[in-house]
Student: 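Here's a structure for you.
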Amino acid sequence: MSGVLARVASPADVRALPEAELPRLCEELREDIISICGRVGGHLGASLGAVELIVALHRVFHSPVDALLFDVGHQTYAHKLLTGRRERMHTLRQPGGLGPFLDPRESPHDALLAGHSCTAVSAALGVLEGRRVLGKRGHVVAVLGDGGLTGGLTFEGLNNAGGSHLPLVVVLNDNQMSISANVGAIPSLLRTRGARAFFEGLGFTYLGPVDGHDLGALVHALREAKASSRPVVVHALTLKGKGFPPAEADAQTRGHAMGPYEWRDGKLVRSRQGQRTFSEAFAAVLEDAMARDSRVVAVTPAMLEGSAMNALKARFPDRVHDVGIAEQHAVTFSAGLAAAGARPVCAIYSTFLQRAYDQVIHDVCLPGLPVVFAVDRAGLVGADGATHQGTYDVASLRPLPGLRLWSPMVGEDLEPMLATALAAPHPSVIRFPRGTLPALPPEVPAHPVDAPVEGARWLRRAQAPRLTLVTLGPLGLAALEAARAEAGWSVLDARCASPLDEAALLEAAAGGHVVVVEEGTTRGGLGSAVLELYAARGVPARVRLMGLPDAFVPHGDARAQRAELGLDAAGLLRAGRELLEGGRR
Ligand SMILES: Cc1ncc(C[n+]2csc(CCOP(=O)(O)OP(=O)(O)O)c2C)c(N)n1
Ligand SMILES: CC(=O)[C@@H](O)[C@H](O)COP(=O)(O)O
Ligand SMILES: [Mg+2]
């Protein structure tokens with residue numbers, strides 16, 4: 001290997017490089033990032049935009065003695081490349097390979113685990129204060145995007161840091177983008193002199209704005225910040241996607257997250273684009289609902305793109321609200337909309353809804369407001385891994401009084417479920433997975449679009465039942481495939497995890513054996529609900545729970561992970577047979 005990057009095995013090597021070699025280093029980092037993302041996909045745009053920033057940080061600070069905390073961690077491919085992980089970069093986001101974000105278990109240069117946004121300032125302040133208490137040395141730096149400035153948690157951290165007078169360094173990587181263009185008042189504030197007044201008002205020294213692609217200017221500002229004895233913000237202006245024409249030209253996201261591609265003769269050749277997803281199908285039925293009923297409004301916390309709501313936003317600009325990376329606000333804002341008589345549909349990823357649990361309970365469920373939550377990315381998400389798995393929504397939402405929790409098995413279920421939810425006087429959840437729409441099996445009639453969805457549905461009913469597979473969501477299809485291979489096996493699609501269709505679930509126990517299957521934690525999920533019901537009614541069935549384990553599932557191929565966990569037809573066949581043979585529970 002020749003080149004500058006090949007001589008960098010650690011941040012010490014970055015510091016030792018002659019200044020004249022740094023522009024070449026940045027070029028080589030970009031070449032690596034573009035080529036790696038081409039092979040395995042990933043968070044290209046943010047990582048390209050942060051190259052000079054990361055080189056400058058490693059020139060000025062001494063990681064890991066100095067702690068560098070990056071918000072989210074999606075912008076850190078240059079950091080990974082400079083901290084001894086270059087040889088393994090081709091494994092990025094692959095099963096068993098380097099993780100998608102940051103994790104101290106992967107490298108001592110990853111000061112704290114990340115994946116969700118807006119944590120950097122609070123975490124960095126905690127690290128700084130912890131070191132102070134323990135008498136440990138080292139500077140602490142929080143690297144934050146302008147999108148991260150739209151979240152309340154960041155403001156809580158800034159408020160605490162500004163009042164602490166501790167020498168926290170905050171680097172604001174301002175590219176005017178979240179995943180989509182950044183929203184609210186923050187983007188314009190950051191482009192005026194108000195930015196200085198804002199940070200100074202919060203107790204920070206303000207340095208900038210600095211050209212975030214000018215290494216000399218960055219190093220100068222970071223040295224000044226390092227020497228400060230009080231909180232300081234370095235405001236760097238960057239271009240997301242910098243150095244890769246297709247990303248720079250992508251006005252929607254600047255190449256935020258890319259699937260694999262090839263860059264041939266100045267042209268981007270992408271791998272085959274996927275089939276229609278649950279998110280797209282949901283957005284389409286929501287669009288119809290919005291066209292029919294002017295009270296229906298959509299809310300997304302910074303996930304217009306992922307929730308497939310761009311077309312919706314273009315058609316109904318005043319009724320689609322991207323509120324920033326602000327899940328708590330998205331939920332309480334939706335509660336306010338519902339209280340005023342509107343019909344809010346709050347689309348939110350399962351993993352990000354975790355942030356807003358109290359808002360769901362206190363602001364929506366307690367007053368019984370008819371907010372519809374479209375809980376996307378429910379279940380395994382693949383390459384984004386442990387921080388992004390949609391594991392806990394059923395277990396955490398199921399106990400909330402008055403909330404109905406639906407899950408479609410196929411795309412055809414979405415329209416009647418949304419209509420049912422929008423007509424209801426209470427809160428509803430419609431949870432659906434990341435990924436493509438499965439086909440409706442020939443033996444299952446589509447639910448009539450104008451009939452309300454009520455309770456469970458039998459997908460297969462054996463004459464002399466021995467065992468029932470009780471499922472939620474698309475796993476019903478795997479269960480159906482398993483059941484076709486066995487006489488006496490029935491399949492019940494629960495459809496609603498709360499409240500349970502008790503009559504159908506009691507009937508499901510007629511054969512004495514029940515396997516409950518869900519793509520969520522088995523601790524407190526649908527299976528637990530079924531066990532609660534059977535215990536309360538004294539039902540003597542043998543029950544086996546299949547779902548996500550009591551462990552954080554890492555990044556991987558979601559289909560392979562399902563197979564490993566027995567959440568496919570072969571696994572369910574095995575599980576059912578074992579149960580019938582009197583094996584494991
Ligand atoms: C709590 C949470 N909500 C949403 C996301 C999804 N998300 C990841 S990166 C991102 C945009 C971040 O914008 P910014 O901080 O400005 O970084 P940039 O990508 O522009 O470098 C969003 C919304 C997340 N990771 N965490
Ligand atoms: C970093 C982050 O949180 C998002 O970019 C996330 O990776 C998007 O996931 P989807 O690709 O499932 O929309
Ligand atoms: Mg940004």
Side-chain angles (χ1 to χ4, degrees), residues 41-51 53-54 70-78 93 99-102 113-121 142-154 170-184 186-187 190 212 235-242 247 253-259 274 277-280 300-309 322-331 347-356 376-390 432-435 555 558:
H43 289 100
L44 175 78
S47 283
L48 287 175
V51 165
L53 202 51
I54 285 169
F70 293 88
D71 204 50
V72 187
H74 67 307
Q75 72 288 62
T76 54
Y77 296 170
R93 297 166 62 84
F101 308 114
L102 295 181
L113 182 139
H116 285 199
S117 180
C118 307
T119 67
V121 177
V143 183
L144 173 72
D146 56 307
L149 259 191
T150 61
L153 178 56
T154 297
V170 174
V171 176
L172 176 59
N173 171 16
D174 173 11
N175 53 22
Q176 298 271 295
M177 295 292 286
S178 186
I179 290 178
S180 308
N182 205 10
V183 296
I186 290 288
L190 293 180
H235 183 185
L237 307 184
T238 60
L239 176 65
K240 198 164 174 173
K242 168 98 175 154
T253 74
R254 305 265 180 246
H256 174 83
M258 303 277 283
T277 62
F278 265 101
S279 312
E280 287 164 351
T300 167
M303 302 308 287
L304 262 184
E305 199 68 31
S307 294
M309 288 186 167
D322 177 353
V323 297
I325 309 176
E327 288 79 11
Q328 294 176 314
H329 165 64
V331 172
I348 196 159
Y349 285 19
S350 167
T351 186
F352 302 143
L353 183 60
Q354 291 163 190
R355 278 248 162 120
D376 201 333
R377 284 14 177 215
L380 296 169
V381 297
D384 275 348
T387 54
H388 283 55
Q389 308 287 17
F432 49 86
R434 187 179 205 276
H555 56 286

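None of the values given here were measured: they were computed from a predicted structure. Just so you know, residue 1 is the first one in the sequence shown, and it goes up from there. Whatever order the structure lists ligands and atoms in, that order sets their numbers, starting from 1.
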Student: So, the side chain of Asp376 versus the backbone of Ser279: is there a donor-acceptor pair under 3.5 Å, distance only?
Tutor: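 Checking the backbone N and O of Ser279 against the side chain of Asp376, no donor-acceptor pair under 3.5 Å is found.
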
Student: Should Glu305 be listed as contacting ligand 2, given a heavy-atom distance under 4.0 Å as the test?
Tutor: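 Flag not set, Glu305 not near ligand 2.
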
Student: Decide yes or no for Ile348 and Pro301: does some side-chain heavy atom of the first lie under 4.5 Å from some side-chain heavy atom of the second?
Tutor: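 Yes - at least one pair of side-chain heavy atoms lies under 4.5 Å apart.
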
Student: For atom 10 (P) of ligand 2, what's the nearest protein heavy-atom neighbour? Residue, atom name and distance, please.
Tutor: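 Looking only at protein heavy atoms, the one closest to atom 10 (P) of ligand 2 is Arg377 NH2, 3.5 Å.
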
Student: Working note: Leu353 + Glu327, criterion side chain to side chain contact (heavy atoms under 4.5 Å, CB included); need CA distance, chi angles, decisive distance, verdict.
Tutor: CA-CA 7 Å; Leu353 183 60; Glu327 288 79 11; over 6 Å; no

Student: Quick one: nearest non-hydrogen protein atom to atom 3 (N) of ligand 1, plus distance?
Tutor: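 Answer for atom 3 (N) of ligand 1: Glu327 OE2, 2.7 Å.
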
Student: Please check this pair: side chain of Lys240 against backbone of Ser178, looking for a donor-acceptor N/O pair closer than 3.5 Å.
Tutor: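 Indeed, once roles are kept as given, a pair shorter than 3.5 Å links the two residues.
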
Student: Could you establish whether Ile179 and ligand 2 come within less than 4.0 Å of each other, counting only heavy atoms on the residue side?
Tutor: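 Right, Ile179 reaches ligand 2.
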
Student: Heavy-atom distance to atom 13 (O) of ligand 1: which of Cys118, Ser178, Gly145, Gly73 wins?
Tutor: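 Looking at heavy atoms only, the winner is Ser178.
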
Student: In the protein, which heavy atom is nearest to atom 1 (C) of ligand 2, and how far is it?
Tutor: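 Protein heavy atom at minimum distance: His43 NE2, 3.3 Å.
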
Student: Taking N or O atoms only and a 3.5 Å limit, does Asn175 qualify as a polar contact for ligand 1?
Tutor: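 By distance alone, the answer is yes.
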
Student: If you measure every N/O of Gln75 against every N/O of ligand 1, is any gap under 3.5 Å?
Tutor: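 No, Gln75 has no N/O under 3.5 Å of an N/O on ligand 1.
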
Student: Flag His116 as yes when one of its N or O atoms lies below 3.5 Å from any N or O atom of ligand 1, and as no otherwise.
Tutor: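 No, no N or O pair falls under 3.5 Å.
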
Student: Any side-chain heavy-atom pair from Ser117 and Phe352 closer than 4.5 angstrom?
Tutor: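 When only atoms from C-beta onward are counted, Phe352 and Ser117 do not touch, as no gap falls below 4.5 Å.
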
Student: Would you mind naming the N, O or S atom of Asp146 nearest to the Mg ion (ligand 3)?
Tutor: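 This residue's closest N, O or S atom turns out to be OD1.
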
Student: Could you tell me which atoms of ligand 2, counted from 1 in the order shown, lie closer than 4.0 angstrom to a heavy atom of Phe101?
Tutor: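 In order of numbering, the contacting atoms are 1 (C).
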
Student: Do any N or O atoms from the side chain of Thr150 and from the backbone of Gly147 form a donor-acceptor pair under 3.5 angstrom?
Tutor: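 Checking the backbone N and O of Gly147 against the side chain of Thr150, a donor-acceptor pair under 3.5 Å is found.
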
Student: Identify, by atom number and element, the atoms of ligand 2 in contact range of Asp384, meaning under 4.0 Å from any of its heavy atoms.
Tutor: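 Contacts of ligand 2 toward Asp384, numbered from 1: 6 (C), 7 (O), 8 (C), 9 (O).
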
Student: Side chain to side chain contact (heavy atoms under 4.5 Å, CB included) between Arg434 and Tyr349: does it pass, once the steps are laid out?
Tutor: CA-CA 9 Å; Arg434 187 179 205 276; Tyr349 285 19; over 6 Å; no

Student: Looking only at protein heavy atoms, which one is nearest to atom 11 (O) of ligand 2, and what is the separation?
Tutor: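 For this ligand atom, the closest protein heavy atom is Arg434 NH2, 2.9 Å.
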
Student: Within the distance-only criterion (no hydrogens, no angle test), does the side chain of Asp146 pair as donor or acceptor with the backbone N or O of Asn175 below 3.5 angstrom?
Tutor: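 Looks like yes, one N/O pair under 3.5 Å.
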
Student: Taking side chain as C-beta onward, heavy atoms only, is Glu305 less than 4.5 Å from Thr253?
Tutor: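 SC-SC contact between Glu305 and Thr253 confirmed.
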
Student: Would you mind reporting whether His116 and Thr387 have side-chain heavy atoms less than 4.5 Å apart?
Tutor: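 Counting from C-beta outward, Thr387 and His116 do come under 4.5 Å.
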
Student: Does Asn173 bring an N, O or S atom to within less than 2.8 Å of the Mg ion (ligand 3)?
Tutor: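 So Asn173 does not bind the Mg ion (ligand 3) by this criterion.
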
Student: Please check whether Gly115 reaches ligand 1 - meaning an N/O of the residue sits under 3.5 Å from an N/O of the ligand, judged on distance alone.
Tutor: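 So ligand 1 has an N or O lying under 3.5 Å from an N or O of Gly115.
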
Student: Set out, in order, the CA-CA distance, both residues' side-chain angles and the distance that settles salt bridge (Lys or Arg N to Asp or Glu O under 4.0 Å) for Asp384 and Arg377, then state yes or no.
Tutor: CA-CA 11 Å; Asp384 275 348; Arg377 284 14 177 215; over 6 Å; no

Student: In the structure I gave you, are the side-chain heavy atoms of Leu380 and Gln389 within less than 4.5 Å of one another anywhere?
Tutor: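 Side-chain contact under 4.5 Å: yes.
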
Student: At a 4.0 Å threshold, what atoms of ligand 1 neighbour a non-hydrogen atom of Ala302?
Tutor: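 Answer for ligand 1: 23 (C).
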
Student: Answer with yes or no whether Arg254 contacts ligand 1, where contact means a heavy atom under 4.0 Å from a ligand atom.
Tutor: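 Arg254: no contact with ligand 1 (<4.0 Å).
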
Student: Do Leu149 and Leu172 have side chains that get closer than 4.5 Å, going by heavy atoms?
Tutor: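 They are in contact (side-chain heavy atoms under 4.5 Å apart), so the answer is yes.
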
Student: Name the closest protein heavy atom to atom 12 (C) of ligand 1, giving the residue it belongs to and the distance to 0.1 Å.
Tutor: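 Here the nearest protein heavy atom works out to Ile325 CD1, 3.8 Å.
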
Student: List every atom of ligand 1 that sits less than 4.0 Å from any heavy atom of Ala46, numbering the atoms from 1 in the order shown and giving each element.
Tutor: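 Ligand 1 atoms under the 4.0 Å threshold to Ala46: 19 (O), 21 (O).
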
Student: How far is atom 7 (N) of ligand 1 from the closest protein heavy atom, and which atom is that?
Tutor: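 Scanning the protein heavy atoms, the shortest distance from atom 7 (N) of ligand 1 goes to Ile179 CD1, 3.7 Å.
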
Student: Among all protein heavy atoms in this structure, tell me which lies nearest to atom 5 (C) of ligand 1, with the distance rounded to 0.1 Å.
Tutor: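 For atom 5 (C) of ligand 1, the nearest protein heavy atom is Phe352 CZ, 3.3 Å.
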
Student: Please classify the His43 to ligand 1 contact at 4.0 Å (heavy-atom distances, strictly less than): side chain, backbone, both or neither.
Tutor: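 Within the 4.0 Å criterion, His43 makes no contact with ligand 1.
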
Student: Using a 3.5 Å cut-off on N or O atoms only, is Asp146 in polar contact with ligand 1?
Tutor: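 Yes, since at least one N or O of Asp146 sits under 3.5 Å from an N or O of ligand 1.
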
Student: Does Met177, backbone or side chain, put an N or O under 3.5 Å from an N or O of ligand 1?
Tutor: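 It does: an N or O of Met177 is found under 3.5 Å from an N or O of ligand 1.
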
Student: Is the distance from the Mg ion (ligand 3) to the nearest N/O/S atom of Asn175 under 2.8 Å?
Tutor: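 Given the 2.8 Å cut-off, Asn175 counts as a ligand of the Mg ion (ligand 3).
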
Student: Could an N or O of ligand 1 be found under 3.5 Å from any N or O of Gly147, whether backbone or side chain?
Tutor: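 In this structure, Gly147 places an N or O atom under 3.5 Å from an N or O of ligand 1.
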
Student: Can you find an N or O of Tyr349 that's nearer than 3.5 Å to an N or O of ligand 2?
Tutor: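 Min N/O separation from ligand 2 is below 3.5 Å for Tyr349.
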
Student: Nearest to atom 3 (O) of ligand 2, what protein heavy atom do you find, and at what distance?
Tutor: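 Its nearest protein heavy-atom neighbour is His388 NE2, 2.7 Å.
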
Student: Hey, does Val121 have a side-chain heavy atom less than 4.5 Å from the side chain of Leu144?
Tutor: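 Yes, their side chains come closer than 4.5 Å.
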
Student: Backbone or side chain, does any N or O of Gly148 fall under 3.5 Å from an N or O of ligand 1?
Tutor: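 In this structure, Gly148 places an N or O atom under 3.5 Å from an N or O of ligand 1.
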
Student: Does the pair Phe101 and Leu113 meet the rule for a side chain to side chain contact (heavy atoms under 4.5 Å, CB included), with working shown?
Tutor: CA-CA 8 Å; Phe101 308 114; Leu113 182 139; over 6 Å; no

Student: Quick check on the Mg ion (ligand 3): does Asp174 put an N/O/S atom closer than 2.8 Å to it?
Tutor: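 Under 2.8 Å: Asp174 has no N, O or S contact with the Mg ion (ligand 3).
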
Student: Kindly indicate whether the side chain of Leu153, heavy atoms from C-beta on, has any atom under 4.5 Å from the side chain of Thr119.
Tutor: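 A side-chain contact exists here, since the closest heavy-atom pair is under 4.5 Å.
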
Student: Any donor and acceptor pair, going by atom type alone, linking the side chain of Thr300 with main-chain N or O of Asp322 inside 3.5 Å?
Tutor: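 No; zero donor-acceptor contacts below 3.5 Å.
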
Student: Can His116 be said to touch ligand 2, with heavy atoms closer than 4.0 Å?
Tutor: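 No.
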
Student: Which residue owns the protein heavy atom closest to atom 5 (O) of ligand 2, what's the atom, and how far is it?
Tutor: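 Its nearest protein heavy-atom neighbour is His256 NE2, 2.7 Å.
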
Student: Please list, in number order, the atoms of ligand 1 under 4.0 Å from a heavy atom of Ser117.
Tutor: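 With Ser117 as reference, the close atoms of ligand 1 come out as 1 (C), 2 (C), 24 (C), 25 (N), 26 (N).
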
Student: Gln176 side chain to Asn182 main-chain N or O, any donor-acceptor pair under 3.5 Å?
Tutor: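 Flag not set: sc Gln176 to bb Asn182 has no pair under 3.5 Å.
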
Student: Which atoms of ligand 1 are found less than 4.0 Å from any heavy atom of Arg355?
Tutor: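 So the answer, numbered in order with elements, is 1 (C).
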
Student: Would you check if the side chain of Thr76 reaches a backbone N or O of Gly73 as a donor-acceptor pair within less than 3.5 Å?
Tutor: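 Yes; judged by distance alone, with no hydrogens or angles, the pair exists.
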
Student: Using 30° and 60° as the class limits, which term best fits the ring planes of His74 and His43: parallel, tilted or perpendicular?
Tutor: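 Geometry flag for His43 against His74: perpendicular rings.
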
Student: List ligand 1 atoms under 4.0 Å from His74, heavy atoms only on the residue side.
Tutor: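 That gives atoms 9 (S), 17 (O), 18 (P), 19 (O), 21 (O) of ligand 1.
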
Student: List ligand 2 atoms under 4.0 Å from Phe352, heavy atoms only on the residue side.
Tutor: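 The atoms of ligand 2 under 4.0 Å from a heavy atom of Phe352 are 3 (O).
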
